[in-house]
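Only one structure is covered here, and it is reproduced in the block below.
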Amino acid sequence: MLTLQFIRENAEFVVDRLKIKNFDASGLVEQVLAADNERRTLQTRTDQKQGEMNNLSRQIGQLFKEGKQDEGNQAKEKTSQLKEEIKHLSQQFSESEKKLTTLLVQLPNLPYKDVPAGTSEKDNEIVREGGKMPNLIDNALPHWDLATNYNLIDFELGNKITGAGFPVYKGKGARLQRALINFFLEQNVVAGYTEILPPFIVNESSGFGTGQLPDKEGQMYHVTDDNLYLIPTAEVPVTNIYRDVILSANDLPVKNTAYTPCFRREAGSYGKDVRGLNRLHQFDKVEIVQIQHPDKSYESLNEMVDHVESLIQMLELPYRIVKLCGGDMSFTSALTYDFEVYAAAQKKWLEVSSVSNFESYQANRLKLRFKEDNQKKNVLAHTLNGSSLALPRIVAALLENNQTAEGIRVPNVLKPFFNFEFID
RNA sequence: GGAGGAAUGGCAGAGUGGUCGAAUGCGGCGGUCUUGAAAACCGUUGACCGUUCCGCGGUCCGGGGGUUCGAAUCCCUCUUCCUCCGCCA
């Protein structure tokens, strides 16, 4: 969330910038400022009474110590009213604080200065394109047919065991998943990321820290008995490692990578977009996460974009990098680049990565700070993350683009991890 | 799952009702000494909020609640960790 201090000092700017995200913040900002004022008034009054009480208690203690029982008891009688007032005030204060937080979390992150205006993906800006479009054979098949024909993925079996959106990978299909996960992790480690294997289920505080809760509750699977959530992305556990942490400046940047399965309810997604591997309830993804000094976070963002691009290039897939417009960006992001690969049989661009800078928006929720050298004050760090990469759509594109009459060609870079040049 | 024990500042570890945000040691930072370093010595060393902001006030001793004029200290509850038993990949 945005910091109160920033909103106080830049209220108009906040409202103005959020227009880029098609978010009318005028009413909300006003309410935040009012709630903030109320809270501060209440705190001043509460603190003052509490101070009086502390003084009185000290005096009473002193009186009893000196053996002045009568005076002590007399003084005691004076405390009951004060006590009542404090109880009342602190109740109001905590309600006021709660109200303020409720309002505050409704404000999205501000878009970075060069985020294009727009309402949907049509307004996104293509920043780079690369790779070579394949020459498809005649009668080229979409990946769901290829996956079935070559016995790589069994969608029906997934329906039986769990339900739609939970495919079963088999044989070379399963091995290809494993190979891709290894390949991605390996490349990330080479690029300086530390490998993490986090829990796949998180608590409420973690969900709040990265911004999934409270607003996107319906997108996660909820284990109600224990009030835990299946992770929708490794971003959640890996970023939350640093919740309530104060780093020192020379710890930065922190670079972590993790493979996890991701679980998404995808409520409200139906139709042809969900065919095959295009949209699943459970899928595999390797994630990269950085924690960086505010002055350098956009350098890191570019570095991450270049890194993800190199992965896709190694897989020899045609791709494009898209800068999201305000309307298509997530609630918590300041700047997001999406990566799309072309799945030639479907004739579709599929999103395989989303790389974002959240600036201090998540850090403020997480209370993730660092100590600047020679300075007392702790400052919020910047957090960034990106997929490197999400597997299913990569697999979809690999299958579709590399199909030949004899079988499916496997990119050379996977050799160390997948010992077949051909799937036939 | 059953029975006990514990949770204090970066770490170790005192403190069982009254200036305790907390002794002491280690670590960190600054200084004296030294050509430099070590050792020794001196000083300093948590976070958050409010404010009339070089000052003052408030909160925080695992989380939440309670008793009391007053709680790190007493009570309840939750969580986590340790020991023993059982079970187990």
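Below, chain A is the first sequence line, B the second, and so on; all start at residue 1.
- The partner of C54(B) is absent, by the rule that a Watson-Crick or G-U pair needs both atom distances under 3.5 Å.
- Across every strand in view, G21(B) sits unpaired, with no contact that passes the Watson-Crick or G-U test at under 3.5 angstrom.
- At U59(B), one or more side-chain N or O atoms of Gln50(A) fall inside 4.0 Å of OP1 or OP2 (strictly under the cut-off).
- When ring centroids are compared, Phe166(A) and Phe155(A) stay outside the 6.0 Å threshold.
- For the P atoms, the distance linking A89(B) with A14(B) amounts to 40 Å, nearest Å.
- Partner assigned to G70(B) is none, using Watson-Crick or G-U wobble distances below 3.5 angstrom.
- Using N1 to N3 plus N6-O4 or O6-N4 for Watson-Crick, or N1-O2 and O6-N3 for G-U wobble, each under 3.5 Å, A6(B) pairs with U80(B).
- Close to U68(B), at under 4.0 Å from its OP1 or OP2, lies no side-chain N or O of Lys76(A).
- For the pair Arg39(A) and G50(B), the criterion of a side-chain N or O lying under 4.0 Å from OP1 or OP2 is met.
- Nucleotide U68(B) holds its P atom 11 Å from the CE atom of Met53(A), rounded to whole Å.
- For a distance-only test at 3.5 Å, the side chain of Asp47(A) qualifies as a donor-acceptor partner of the base of G57(B).
- Looking at Leu301(A) and Tyr337(A), their side chains come closer than 4.5 Å, going by heavy atoms from C-beta outward.
- Remark: the separation of the C1' atoms in G10(B) and U45(B) is 11 Å, to the nearest Å.
- Distances shown here put every side-chain N or O of Asn73(A) at or beyond 4.0 Å from the OP1 or OP2 atom of C69(B).
- On the P atoms, C56(B) is 30 Å away from G65(B), given to the nearest whole Å.
- Here Ile60(A) lies in heavy-atom contact (under 4.0 Å) with a base.
- In this structure, Leu380(A) places its CG atom 12 Å from C1' of C48(B), rounding to the nearest Å.
- Taking the charged nitrogens against the carboxylate oxygens, Glu421(A) and Lys415(A) do have a contact shorter than 4.0 Å, which makes a salt bridge.
- Along RNA chain B, the nucleotide nearest Lys83(A) and the nucleotide nearest Gly61(A) are compared for position; the residue whose nucleotide lies closer to the 5' end is Gly61(A).
- Here C60(B) sits opposite G46(B) as a Watson-Crick or G-U wobble pair (both hydrogen-bonding atom distances under 3.5 Å).
- Rounded to whole angstrom, the span from the CZ atom of Arg58(A) across to the P atom of G57(B) amounts to 8 Å.
- Taking the P atoms as reference points, C82(B) lies 24 Å from U73(B), given to the whole Å.
- Straight-line distance from the CG atom of Asp226(A) to the P atom of U79(B): 10 Å, rounded to whole Å.
- Side chains of Leu398(A) and Pro411(A) form a contact here, defined as non-hydrogen atoms less than 4.5 Å apart.
- Residue Thr79(A) has its side chain nearest to C69(B) when only C69(B), U51(B), C48(B) are considered.
- Between Leu368(A) and Ile291(A), the closest side-chain pair of non-hydrogen atoms falls below 4.5 Å.
- Rounded to whole Å, the separation between the P atoms of C78(B) and U24(B) comes to 38 Å.
- Of the P atoms belonging to A47(B) and C84(B), the separation is 39 Å, rounded to the nearest Å.
- Between the P atom of C29(B) and the CG atom of Asn250(A) lies a distance of 11 Å, rounded to the nearest Å.
- Looking at the side chain of Asn378(A), the nearest of the listed nucleotides C48(B), G70(B), G50(B) is C48(B).
- Residue Arg40(A) has no polar side-chain atom (N or O) positioned under 4.0 Å from OP1 or OP2 of C49(B).
- Contact between the side-chain N/O atoms of Arg369(A) and the OP1/OP2 oxygens of C48(B) is found at a separation under 4.0 Å.
- Residue Ser57(A) places its side chain closer to G70(B) than to any other of G70(B), C48(B), G50(B).
- Between Ile246(A) atom CD1 and C48(B) atom P the separation is 6 Å, expressed in whole Å.
- The residue Lys371(A) sits close only to the backbone: its heavy atoms come under 4.0 Å of sugar-phosphate atoms, none of a base.
- Shown here, C88(B) forms no base pair; nothing in the strands shown gives a Watson-Crick or G-U wobble contact with both key distances under 3.5 Å.
- Taking the side chain as every heavy atom from C-beta outward, Val413(A) and Glu316(A) never approach each other to under 4.5 Å.
- Both distances falling under 3.5 Å, in either a Watson-Crick or a G-U wobble arrangement, occur for no nucleotide opposite A14(B).
- Distance NZ (Lys367(A)) to C1' (U59(B)): 14 Å, rounded to an integer number of Å.
- Comparing the C1' positions of U8(B) and A71(B) gives a spacing of 14 Å, expressed to the nearest Å.
- A cation-pi contact, defined as under 6.0 Å to the ring centre and within 45° of the axis, links Lys255(A) to Tyr193(A).
- A7(B) and G62(B) have their P atoms separated by 8 Å, with the value rounded to a whole Å.
- Base pairing of C41(B): its partner is G31(B), meeting the Watson-Crick or G-U wobble criterion (both donor-acceptor distances under 3.5 Å).
- Going from atom NZ of Lys377(A) over to atom P of C48(B) covers 5 Å, rounded to whole Å.
- Phosphate proximity of U59(B) to Asn54(A): present, with a side-chain N or O under 4.0 Å from OP1 or OP2.
- Contact annotation: the side chain of Arg365(A) approaches that of Phe208(A) to within less than 4.5 Å [non-hydrogen atoms, C-beta and beyond].
- Summary of the strand contacts: Arg8(A) and Phe64(A) both lie near RNA chain B, and taking for each the nucleotide with the nearest heavy atom, the more 5' one is attributed to Phe64(A).
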